[in-house]
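The figures that follow rest on heavy atoms only: side chains count, while hydrogens, waters and symmetry mates do not. Numbered from 1 within each chain, the chains take letters A, B, ... in sequence-line order.
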Amino acid sequence: MRRLPDASPRGRAITVDLEGESIPAIEGEPVACSLIAADEQMLARSVKYHRPRSPYCFAAACSHCLMRVDGQPNVYTCRTPAREGMRLERQNAYPSAKVDVFETIDWFFPKGLDHHEMFAGVPVAEQVMAKVARQLAGLGLLPKEAAPTPPPARTLRTRVAVVGGGAAGLAAARVLTERGVPFLLFERDGHLGGRLAHGAPEAGAPEVPEATAFPKGSVYTRAPVLGLYDDEGGRYLAVGVWEPEGPRLLKVYAERFLLAPGGHPPMLPFENNDLPGVYSGRAASLLLRRYDVAPEVAALVGWGPELHALANLMQERGVKVAVVVDLKGAPPSGAHPAAVQGSEPKAHGLRGVGAFSYTAQGGGRKKVSCDAVLVSVPVSPSFELARQGGAKVTFDAGRGLFVVEADADGRTQATDVYAAGDLTGGGTAKEAGAAGRRVAEALVGGLS
Amino acid sequence: MPFTPRPPLYPTELRLLATAPVDESQPPVGGVPQEVDAFPAALRPEAPLPAKAKVVIIGGGIMGLALAYNLAREGETDVVVLERGYLCAGASGRNGGGVRMQWGTPALVELAKRSIDLMKGFAGELGINVWLRQGGYLFLAKTKAVAQRLDRNVALHNKFGVPTRIVSPDEARDIVPGLTMKDCLAASYNPEDGVIFPWPFLWGYAQGCKKKGVRVETYTDVTGFETSNGQVRKVKTTRGDIACDTVVLAAGAWSPEVAKLVGVQLPNEPHRHEILSTEPLKPFLQPLVSVLDTGLYFSQSMRGEIVGGMGDPKEPAGLNMGSTLRFVSRFARALMEQLPQVGHVKVLRQWAGCYDVTPDNNPILGRTPGLDNLLQMSGFVGHGFMMAPAVAERMAKWMASGQSDELFTRFNLRRFAEGTLEREDMIIG
């Protein structure tokens, strides 16, 4: 990964401190992004086998970018804006993440280490193992100081609470705005748009509206929803919102909950899928579109429209696309010239990706050199909130995903919970937008 | 599969959760997710149940499985364990893993001491690690009455060879660096108490049962009983009936519901208790710490997470395993009061389980008046896990040998009608 030569200036050039070394960064961009652009790809070691880790998802959904930041353990560096002088330390390694003696655990146990049965009942060994295991376990160190007290929680009441500021959530918000229905929208990212803003561009995708398109104060960014709870006052969302002075908790009571949180970028099972340099497709498009950071040579693997759109995006920005392996069928028309049908993908490399291989259609292994493997498959619906709210979650065998059960107007088993977009099983951004509009219309119709 | 996403959905600092307003004068309501009984019929095993068995044990939690395993050790392998969900679905899979000898009555001190001894040998006997870590239990008292209780207990514990001692606030701070001891008058400490990881106990007992020929049947609901002449003859289930000589009711918080099916009124009440777990940190906390006055407890697991809970005096009776923000807020405040540097520590998930509460906080064990072959093994009020190995050992011996054992007289269901209650007052969580 590197910063592209044609990168547009996006902020003040600063330095951050990575274990005593000064690393160039750009103020305000996720510090993990600055680090990988500066060729510091390995940010962590895995919990058990101490395998090197580079950020996979850039969506605060994997653990590969957790670092100690200014003394705080286990911080998502993919979500932490870079600040001058910020102190970053890799965790779970001795003496350092680059030379980690515990890496040997991985070598000694090539078939895996079964801590449930290992030394079970063996005198002395059992006790020694328990002591060693306790020291090895745990990622961060307890902070030394008491934390400052955040401002008091704020209770808000609205008619509709919208979760997610992607294609579906924004389309819904637009309908609510037009109809004059009071609503509050919560987006986990620091920017609106979801995949419209940072996915591989799709044909016919709607534009991302400015926050000013909505009533003042109705849209919150950097506001992850923590849960859909209830208490004596009714049902509410608990939201952790980042205000300039720090975090604040919101309790948001609403008559309807329109859930459009999108999905998690899944990982595919293949050999060495955890090597540094393997990124989710959504992470790769985010790094490129928002921060001009990209691999030199990329191998892409997965299926679905986003895979091929990502290949074209990479190509346009001067990234060499070594191969695009579609695991589900022949590449569609308009696909990148390097696109082929294949199976059994594998990443190669010691400390990071150096090559990628696959079995070509008709047999025979093919291998290409590359510095990144980008995994692009349809996202797994983030059904957690809907499930907490009483919606039914079922397995869609055709798509191989758990989805929220909803009718065409987004009605779920829970009368006040509506679902839109990727939550009900994917589709294009355009389709998600249409669903958002439709669900909002249906929901407004049901409000007294 | 029945899976349950746990709030919070984003790692959230304790100090932030502590700011959620709580109205202590109101009882907690609701909680997410709401359903308790979501086990799809599709998961039900297709193989037929045996038509008869000598012993049918209702409940595949720690009690039922431990008893089944111990019966098999005593030579009785014609045993079927019925579990309505998956192994660990109930309180046995939801508890904090604390094991302690610091109790207020001789019977429980003895049982707990024996249990912890058995836990030390569990891995050797059953081939699975349970990660017993004897980091001690540190009880804190905020009021004079509770401090006196701790004082009184020390004498009792020492009599049974349990090395509990009263420690000064300074000593307590040596045991747990950073502890404020805010508003605390006294503390007691037994270095031999500890924490375990609950799940492998169930897996280990279940595997041990299967190896000895005992059947453990998951996703199987008891729907009724057939009785005649003061005896249970058959247990009816969603997978057919089983004729049996003896039935053991070990369904924890569900026991009153099941007992009702055979016309037996148990005095137990289910009470939700909530719990949470944080991001894993390097070891910093040796003992499990508990403020006895409020029921706050917290410990550090083998994996490094802070695991803790706190009882809610306003919690109404009922089978409810939903999670509330109220609990996280109350817990976070109480924990930060004693250990302020955890403010930045992030909560990863919260969940709840049900205590099986009896009027005297003691278990119900032994024969059921009027239904001689229905044996009770419930009412453990949140400490069943730590008592199970010893209780199951005694109960299996008692069942197999027919020799009398005062445990099953002392804790018989009869006592609630007779009014001879000795209340246990060392309940936390």
Side-chain angles (χ1 to χ4, degrees), chain A residues 47 60 66 71-74 76 115-123 126 129-130 133-135 137-153 155 188 224-232 235-236 238 240 247-249 251 261 382-385 387-390 393 402, chain B residues 3-21 23 26-35 121-129 131-133 178 200 203 279-284 300-305 322-326 336 340-346:
Chain A
V47 174
L66 294 178
Q72 300 306 321
N74 303 328
Y76 281 127
H115 60 268
H116 288 303
E117 291 180 9
M118 191 177 182
F119 295 133
V122 181
E126 187 189 336
M129 180 186 60
R134 184 165 196 237
Q135 293 304 319
L139 273 180
L141 296 169
L142 182 71
K144 286 200 178 71
E145 308 292 331
T149 307
T155 299
R188 209 167 73 143
V225 173
L226 312 176
L228 174 47
Y229 291 97
D230 57 358
D231 68 5
E232 57 277 9
R235 300 242 272 180
Y236 63 92
R248 186 197 287 269
L249 189 71
K251 275 179 89 177
S382 303
F383 54 74
E384 296 86 351
L385 209 54
R387 173 78 172 75
Q388 281 178 18
V393 174
F402 284 94
Chain B
F3 51 108
T4 316
R6 309 282 180 205
L9 296 179
Y10 196 85
T12 306
E13 292 180 349
L14 282 160
R15 65 176 179 138
L16 191 63
L17 294 163
T19 65
D23 183 351
Q26 294 292 319
V29 300
V32 292
Q34 287 170 332
E35 69 267 43
F122 191 91
E125 186 168 348
L126 287 147
I128 188 161
N129 288 311
W131 307 105
L132 170 67
R133 181 172 68 79
W203 301 333
E279 62 188 297
L281 298 167
K282 287 288 176 203
F284 70 92
Q300 196 181 13
S301 74
M302 266 307 285
R303 285 204 302 214
E305 304 125 328
S323 295
T324 66
L325 189 62
R326 169 188 169 110
M336 283 161 57
Q341 68 268 49
V342 300
H344 278 303
V345 174
K346 296 178 275 299

Side chains of A:Lys251 and B:Pro21 in contact at under 4.5 Å (non-hydrogen atoms): yes
Most chain A-contacting option - heavy-atom pairs closer than 4.5 Å, from B:Leu126, B:Asp23, B:Val29, B:Val342: B:Val29
With chain A, which of B:Pro200, B:Pro27, B:Ser301, B:Gly127 has the greatest number of heavy-atom pairs at distances under 4.5 Å? B:Gly127
Quick check on B:Pro11 against chain A: is it the side chain, the backbone, both or neither that has a heavy atom closer than 4.5 Å? side chain
Checking heavy atoms, do the side chain of A:Ala133, its backbone, both or neither come under 4.5 Å from chain B? both
Checked B:Leu16, B:Val345, B:Leu132, B:Thr12 vs chain A; the most non-hydrogen pairs under 4.5 Å come from B:Leu16
Region of A:Pro148 in contact with chain B, defined by heavy-atom distances below 4.5 Å: both
Which heavy atom in B:Met302 sits nearest to a heavy atom in A:Ala137, and how many Å separate them? O-CB, 3.3 Å
How close do A:His115 and B:Trp131 get, counting heavy atoms only, and between which atoms? O-CZ2, 3.1 Å
Minimal non-hydrogen separation, A:Arg134 against B:Gln300, with atom names: NH2-OE1, 3.1 Å
Engaged part of A:Glu232 at the chain B interface, taking heavy atoms whose separation is under 4.5 Å: both
Portion of A:Leu228 that has a non-hydrogen atom of chain B nearer than 4.5 angstrom: backbone
Kindly give the heavy-atom pair with the smallest separation between B:Pro280 and A:Asn74, and that separation in Å. O-ND2, 3.4 Å
So what's closer than 4.5 Å to chain B heavy atoms on A:Val122: side chain, backbone, both or neither? neither
Name the region of B:Arg133, side chain, backbone, both or neither, that has any atom closer than 4.5 Å to a heavy atom of chain A. side chain
Side chain from CB out, backbone as N, CA, C, O: work out which of these in A:Pro224 comes under 4.5 Å of a heavy atom of chain B, or both, or neither. side chain
My understanding is that only one of A:Leu141, A:Leu142, A:Leu139 makes a side chain to side chain contact (heavy atoms under 4.5 Å, CB included) with B:Leu281; could you say which? A:Leu142
For A:Gln72, is it the side chain, the backbone, both or neither that has a heavy atom under 4.5 Å from a heavy atom of chain B? side chain
Intermediate values then yes/no, side chain to side chain contact (heavy atoms under 4.5 Å, CB included), A:Leu66 and B:Glu279: CA-CA 11 Å; A:Leu66 294 178; B:Glu279 62 188 297; over 6 Å; no
Closer than 3.5 angstrom, by distance alone: can the side chain of A:Asp230 be matched with the main-chain N or O of B:Val32 as a donor-acceptor pair? no
Okay, B:Thr324 and chain A: the region with an atom under 4.5 Å from a heavy atom over there is backbone
With side chain to side chain contact (heavy atoms under 4.5 Å, CB included) as the test, would you mind laying out the steps for A:Asp231 and B:Gln26 before giving the verdict? CA-CA 10 Å; A:Asp231 68 5; B:Gln26 294 292 319; over 6 Å; no
Most heavy-atom pairs under 4.5 Å with chain A, out of B:Gly304, B:Gly343, B:Pro7, B:Ser323, belong to B:Pro7
Can A:Tyr229 and B:Arg326 be said to form a side chain to side chain contact (heavy atoms under 4.5 Å, CB included), step by step? CA-CA 10 Å; A:Tyr229 291 97; B:Arg326 169 188 169 110; over 6 Å; no
Is it the case that atom CZ in A:Arg248 sees more than 12 heavy atoms from other parts of the structure closer than 6.0 Å? yes
How are the rings of B:Tyr10 and A:Tyr76 set to each other: parallel, tilted or perpendicular (split at 30° and 60°)? tilted
